[in-house]
Asker: 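Here it is, the structure, as structure tokens.
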Amino acid sequence: MSIYWYQNQFLPKEEIRVSPDDRGYFFGDGIYEMFRIYGGQLYEAELHYERLQKSAAGVRIPLPYSVDELHMRLNELVERNSLTEGTLYIQITRGIAPRNHLFPKEGSPVVMAHCNPMKRPVTQMETGVRAVTAEDIRWRHCDYKTLNLLANVLAKQEAVDRGADDAILHRDGLVTECSASNVMIVLSGRLITHPADKRILHGVTRAVVLRLAAASEIPVEERPFTLSELRDADEVFQTGTTIEVMPIVNVDGHPIGDGSPGPVTRRLQRDFESTLPS
Ligand code: PDD
């Protein structure tokens with residue numbers, strides 16, 4: 001039985017009653033975080049809370065709990081679900097009110113969290129995945145992790161419809177990120193990724209990987225790169241909470257390098273693995 005945390009109560013999923021007037025439905029008016037659970041612990045929890053606070057402030061949703069309270073509740077959720085390996089999703093919407101674009105005058109944010117078992121995608125990490133490029137049609141605050149994911153959903157579906165696994169997004173010919181992950185390339189021994197500005201989500205996995213690259217003295221450039229640099233790259237990989245360091249071995253039908261995961265990607269996969277609690 002799956003236990004959810006909804007409006008400060010731990011309840012079986014079946015007992016949760018969600019209001020049709022929740023602004024999450026009307027407007028996608030909310031924020032979220034996706035944590036990874038390794039060894040029963042929330043991985044890099046502090047970075048996720050920092051980003052949650054930034055998203056909340058960015059869209060002016062007051063967080064109804066302190067980080068300490070949240071951390072206690074989320075850990076309790078993991079325990080109640082007896083999870084050692086999986087994901088934890090939390091979303092906070094602006095609240096429940098009749099449909100009106102203005103913020104509601106009364107009521108408070110609606111908080112829901114749940115977790116799911118998930119194994120590390122070890123097979124895909126060995127073989128790599130295929131991507132296609134697609135225009136980034138999102139708004140100009142991709143650094144907030146908001147519920148409004150229509151452009152991301154459309155990009156992912158387009159990628160799969162075109163026979164790939166994911167979409168690499170670009171704005172004006174410059175690569176930003178993927179539909180639900182960040183993207184990095186290796187070109188002439190340098191690791192290149194879009195800077196952490198408003199055009200991308202500041203991924204927790206991205207931050208960990210950049211830290212690991214620095215520790216291994218891999219030269220890093222945080223700068224936008226072009227579609228032709230992407231196609232000419234020696235290696236391409238994506239980073240994200242659920243996919244860790246995932247090689248991209250084919251872009252728009254063209255193999256990257258020799259079409260298999262490259263040495264820098266492999267190294268970072270191993271280094272990433274060494275950060276995980278058992
Ligand atoms: N997505 N970019 C986008 C657009 C994302 O949605 C995500 C995460 C990332 C990677 O961030 P992190 O390393 O913190 O997971 C980058 C989550 C997993 C999701 O929406 O399911």
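Counting starts at 1 for both ligands and their atoms, following the listed order.
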Asker: Could you check whether E235 pairs with R267 (Lys NZ or Arg NE/NH1/NH2 to Asp/Glu carboxylate O, under 4.0 Å)?
Answerer: no
Asker: Who else is in the cluster with L174 when I, L, V, M, F, W and Y are joined by side-chain contacts under 4.5 Å?
Answerer: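 Result for L174 is none, singleton.
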Asker: Just jot down the side chain to side chain contact (heavy atoms under 4.5 Å, CB included) partners of N8, sequence neighbours excluded, or say none.
Answerer: W5, Y65, R73
Asker: Test of understanding: with side chain to side chain contact (heavy atoms under 4.5 Å, CB included), list the residues that count as partners of F26, not counting sequence neighbours.
Answerer: D21, R99
Asker: So, D271 versus S216: side-chain donor-acceptor pair below 3.5 Å or not?
Answerer: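 On atom types as modelled, these side chains qualify, holding a pair under 3.5 Å.
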Asker: How about N75 and H71: does a side-chain donor come under 3.5 Å of a side-chain acceptor?
Answerer: yes
Asker: Which atom pairs, nitrogen or oxygen on both sides, join ligand 1 and the protein at under 3.5 angstrom?
Answerer:
unit_1, atom_1, unit_2, atom_2, d
ligand 1, 1 (N), K145, NZ, 3.2
ligand 1, 1 (N), A180, O, 3.3
ligand 1, 2 (N), E177, OE1, 2.6
ligand 1, 13 (O), V204, N, 3.3
ligand 1, 13 (O), T205, N, 3.0
ligand 1, 13 (O), T205, OG1, 2.6
ligand 1, 14 (O), R51, NH1, 2.8
ligand 1, 14 (O), R51, NH2, 3.0
ligand 1, 14 (O), V204, N, 2.8
ligand 1, 15 (O), T241, N, 2.9
ligand 1, 15 (O), T241, OG1, 2.5
ligand 1, 20 (O), Y32, OH, 2.6

